[in-house]
Number of protein chains: 2
Amino acid sequence: MNYKPFTDQEVIKYVYDNTNIFENINLLSCEEIGDGNLNLVFRIRDKKNKKSVIVKQALDYLRVAGDNWPLTRQRVKFESECLKIENDLTNGMCPKIYKYDTNMCCIVMEDLVDYEIMRKGLISGKKYNHFANNLSTFLSEVLFKTSDIFMNPVEKKKLMMNFINPELCKITEDLVFTDPYYDSESNNVNPELRDYLENYFWKNNELITNVEIMKEKFMTHSQSLIHGDLHTGSIFINDKDLKIFDAEFAFYGPSSFDIGAVIANLLLNYISWGGKDVSKEFRNDFRNYLKNSIIELWNLFEFKFKKLWDEKANKYYKSKEFRDIYVENLFHDSIGFSSCKMMRRCVGLAHVEDIDEIRDLKKRANVQKLVLKIGEFLIINRNDIESIEKLMSIIEELTSKYEII
Amino acid sequence: MNYKPFTDQEVIKYVYDNTNIFENINLLSCEEIGDGNLNLVFRIRDKKNKKSVIVKQALDYLRVAGDNWPLTRQRVKFESECLKIENDLTNGMCPKIYKYDTNMCCIVMEDLVDYEIMRKGLISGKKYNHFANNLSTFLSEVLFKTSDIFMNPVEKKKLMMNFINPELCKITEDLVFTDPYYDSESNNVNPELRDYLENYFWKNNELITNVEIMKEKFMTHSQSLIHGDLHTGSIFINDKDLKIFDAEFAFYGPSSFDIGAVIANLLLNYISWGGKDVSKEFRNDFRNYLKNSIIELWNLFEFKFKKLWDEKANKYYKSKEFRDIYVENLFHDSIGFSSCKMMRRCVGLAHVEDIDEIRDLKKRANVQKLVLKIGEFLIINRNDIESIEKLMSIIEELTSKYEII
Ligand SMILES: Nc1ncnc2c1ncn2[C@@H]1O[C@H](COP(=O)(O)OP(=O)(O)O)[C@@H](O)[C@H]1O
Ligand SMILES: Nc1ncnc2c1ncn2[C@@H]1O[C@H](COP(=O)(O)OP(=O)(O)O)[C@@H](O)[C@H]1O
């Protein structure tokens with residue numbers, strides 16, 4: 001069969017013919033559930049036997065931008081290979097991959113029915129107490145065990161070759177590190193924010209210089225196999241555990257980019273509550289939960305990463321001093337990447353629902369301005385922030401100083 | 001024809017059959033001139049018509065270590081592709097490549113008859129006044145034009161994929177960044193130096209931590225297409241110009257590694273004169289020449305690199321502040337790599353003739369100790385040395401403080 005985007009009927013037949021999951025094709029139904037920006041996502045279900053799977057199929061273009069943004073459908077290879085590796089390294093913290101098809105450019109994978117998208121949960125004010133513990137395990141295992149500190153250097157370079165991912169990296173380079181910092185056509189600008197952008201944000205040379213530094217790091221620091229798009233919409237979660245998915249941006253890049261992405265998306269949620277119709281008590285309480293989650297996430301990550309280092313580092317990366325410098329650099333770079341990932345969600349093409357569900361454009365602009373203020377402070381001062389506790393107290397200070405409710 | 005190492009007769013026939021350079025096979029003679037550590041190098045000559053070419057053929061092992069150090073012969077691909085790119089970017093500052101044969105794993109290239117190996121020239125006390133100007137052109141053009149600052153990012157990543165060079169990188173990782181810093185079997189240790197190594201050098205944690213930092217940078221910073229082995233034995237030179245050759249270590253790595261390698265080898269020559277039977281006047285004068293060459297090399301490199309940046313940087317790497325930070329980092333990292341490249345030449349497997357031609361082992365050890373003292377100072381203080389002039393005055397100071405003649 002030659003590649004073409006599946007219809008519902010075709011994908012049912014495809015799954016039935018190509019996997020051993022379902023016994024009776026006549027019991028199968030299909031629904032396209034892709035709220036995603038890039039691909040087709042089908043759920044194929046046998047209601048009677050309570051079984052279902054997900055089929056994710058790549059299109060030849062960026063779905064959110066329409067077919068005038070061409071994009072290789074081979075990208076699905078990066079996703080399937082990355083999820084397999086991450087599953088192996090973390091004892092199954094990603095959906096199981098049942099089949100990966102280079103020809104149809106699709107992945108058949110476990111349906112995470114018992115999970116919800118973390119972003120949606122956070123927007124509805126839900127807390128997940130295991131989050132920091134589980135995500136720090138995921139991050140430390142993957143980022144340590146795909147780095148040169150742990151891997152055989154020849155194997156690492158071969159793996160890196162398999163994950164050279166120019167087109168998807170280009171999207172990040174443009175949408176995270178370039179377009180938001182000038183008046184680009186690709187931006188999606190709240191009219192109530194424009195004044196601030198034109199008269200302040202886009203004129204801020206110090207900020208732009210620091211974004212360029214982070215961009216160059218993103219483009220050249222081949223440190224670990226990173227997920228590349230680890231926001232709260234790439235995390236499926238419930239009260240017990242979590243699963244990481246949507247890894248098509250995976251490549252060998254700076255470890256701090258994944259850590260920064262998670263922190264950024266928690267902070268976006270944190271800031272968003274200033275524009276929402278909730279009680280002060282609720283807001284303070286939920287922000288406290290987010291603050292503690294971020295602090296715990298970093299501290300547990302640092303603890304687990306260093307433990308892995310002490311137990312499993314290659315023979316000639318044994319110096320504790322180097323270990324500490326390496327982790328310190330991760331910390332400062334995470335703040336820098338976090339800042340870029342926050343700012344772009346207020347100016348660039350792709351926003352987050354946490355903020356965009358604020359209908360009143362003036363209120364939304366106030367929230368966005370606070371994000372940009374915080375982003376600006378963090379990227380400029382990232383190397384002087386000495387601990388995660390200090391970071392969070394800076395966030396609290398800037399919020400109480402600049403927030404307009 | 002299946003791969004096998006050429007005999008003299010075979011290589012004559014090969015060149016005659018596969019190129020249009022020679023008209024009469026009966027006039028051809030051949031000589032194996034490979035003083036090299038890795039490969040077979042043949043000169044094929046037609047004396048009557050005054051033509052000659054070089055054939056470099058890879059073996060399945062590291063020549064210097066014998067056939068118990070296997071090494072893919074496909075490495076010749078990296079050399080031929082790198083030399084082609086460097087020739088294109090620098091208007092011919094490498095030998096012309098006439099033919100590259102994936103099957104026989106050989107390159108037929110221009111015979112640089114009118115040039116001498118720079119290391120040999122320097123050892124004999126010869127000065128080359130155009131050196132800094134020409135080499136700074138080579139370095140600035142290649143390092144700038146293969147970086148993300150200049151290239152299309154998608155093209156850059158594809159090029160980088162072609163230059164993933166795990167086996168040759170492994171040699172550098174081991175011989176430059178690992179083995180010299182402990183009592184490794186692979187080291188080649190002057191017995192008169194052993195005491196110093198055992199009681200001081202191998203116990204110096206601060207030094208070793210900093211070497212690990214540089215090693216990790218070497219392994220992860222995919223900044224530009226670097227030569228990877230740019231010592232004075234990879235530079236052919238005469239009174240008018242120079243040619244860079246022997247590029248089989250090429251890969252996408254830190255630009256500062258190439259700059260550091262050149263400076264290291266000039267400094268090794270600088271230091272070596274303390275162990276030689278020359279007049280004080282000659283020594284001072286030649287050291288002055290080397291000092292000025294190093295200062296000029298960096299200053300011209302900086303000037304040319306910044307000029308290229310200003311004229312040709314990608315649209316979104318335009319900030320002068322970022323440019324200056326980028327070049328400053330190159331400077332400090334060059335000092336760090338320079339240090340590693342110097343130290344390994346006194347402790348590791350491969351030494352340099354500049355020092356090893358000192359027959360008296362005590363005298364040689366004195367020179368080696370000074371190299372190690374200087375290397376130690378440079379790697380620990382690299383980020384505090386603010387200019388190339390300052391670097392050279394530190395070298396002068398340390399030399400007059402520690403030199404034993
Ligand atoms: N394994 C899965 N189990 C359940 N739902 C999934 C699964 N994978 C994707 N989805 C649903 O499809 C949506 C889009 O998937 P995603 O991988 O984010 O696609 P895209 O890369 O196009 O953004 C997700 O937000 C989620 O709702
Ligand atoms: N293009 C050339 N023209 C003239 N002589 C060359 C050329 N290439 C190599 N040689 C000679 O062969 C020697 C070994 O070559 P090199 O490329 O350094 O091999 P290896 O990689 O095995 O060290 C050089 O030192 C030089 O004397």
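Letters A, B, ... mirror the listed sequences (proteins, then strands); counts begin at 1. Remember, predicted model here, so these are calculated numbers, not experimental data.
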Checking A/Glu173 against B/Lys157 for the salt bridge (charged side-chain N to carboxylate O under 4.0 Å, His left out) test, could you report, in this order, the C-alpha distance in whole Å, the side-chain angles of both residues, the deciding distance, and whether it holds?
CA-CA 13 Å; A/Glu173 288 154 23; B/Lys157 290 180 190 76; 2.7 Å; yes

Set out, in order, the CA-CA distance, both residues' side-chain angles and the distance that settles side chain to side chain contact (heavy atoms under 4.5 Å, CB included) for B/Phe163 and A/Met161, then state yes or no.
CA-CA 9 Å; B/Phe163 279 98; A/Met161 183 142 69; over 6 Å; no

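Annotation: B/Lys318, atom NZ; neighbour count of heavy atoms from other residues, nucleotides and ligands within 6.0 Å is above 12.
If you run side-chain hydrogen bond (donor to acceptor under 3.5 Å, both in side chains) between B/Thr220 and each of A/Gln223, A/Lys156, A/His221, only A/His221 comes through.
Only the side chain of B/Tyr326 comes within contact range of chain A, with at least one heavy atom under 4.5 Å from a heavy atom of that chain. In this structure, no portion of B/Glu206 lies under 4.5 Å from any heavy atom of chain A. Using a 4.5 Å cut-off between heavy atoms, B/Tyr182 touches chain A through its side chain atoms alone.
Considering all non-hydrogen atoms of both residues, B/Phe322 and A/Ile213 come closest at CD1-CG1, 3.4 Å.
Figure legend: A/Lys215 and B/Tyr316 shown without cation-pi pairing, the cationic atom not lying both under 6.0 angstrom from the six-membered ring centre and within 45 degrees of its axis.
For the pair B/Thr178 and A/Lys315, the minimum side-chain heavy-atom distance is 4.5 Å or more. Side-chain contact between A/Ile164 and B/Met160 is present, with heavy atoms from C-beta onward closer than 4.5 Å.
Rounded to the nearest 0.5 angstrom, A/Glu216 CD and B/Ile325 CD1 are separated by 11.0 Å.
The pair B/Arg323-A/Glu212 does not count as a salt bridge, with every side-chain nitrogen at least 4.0 angstrom from each carboxylate oxygen.
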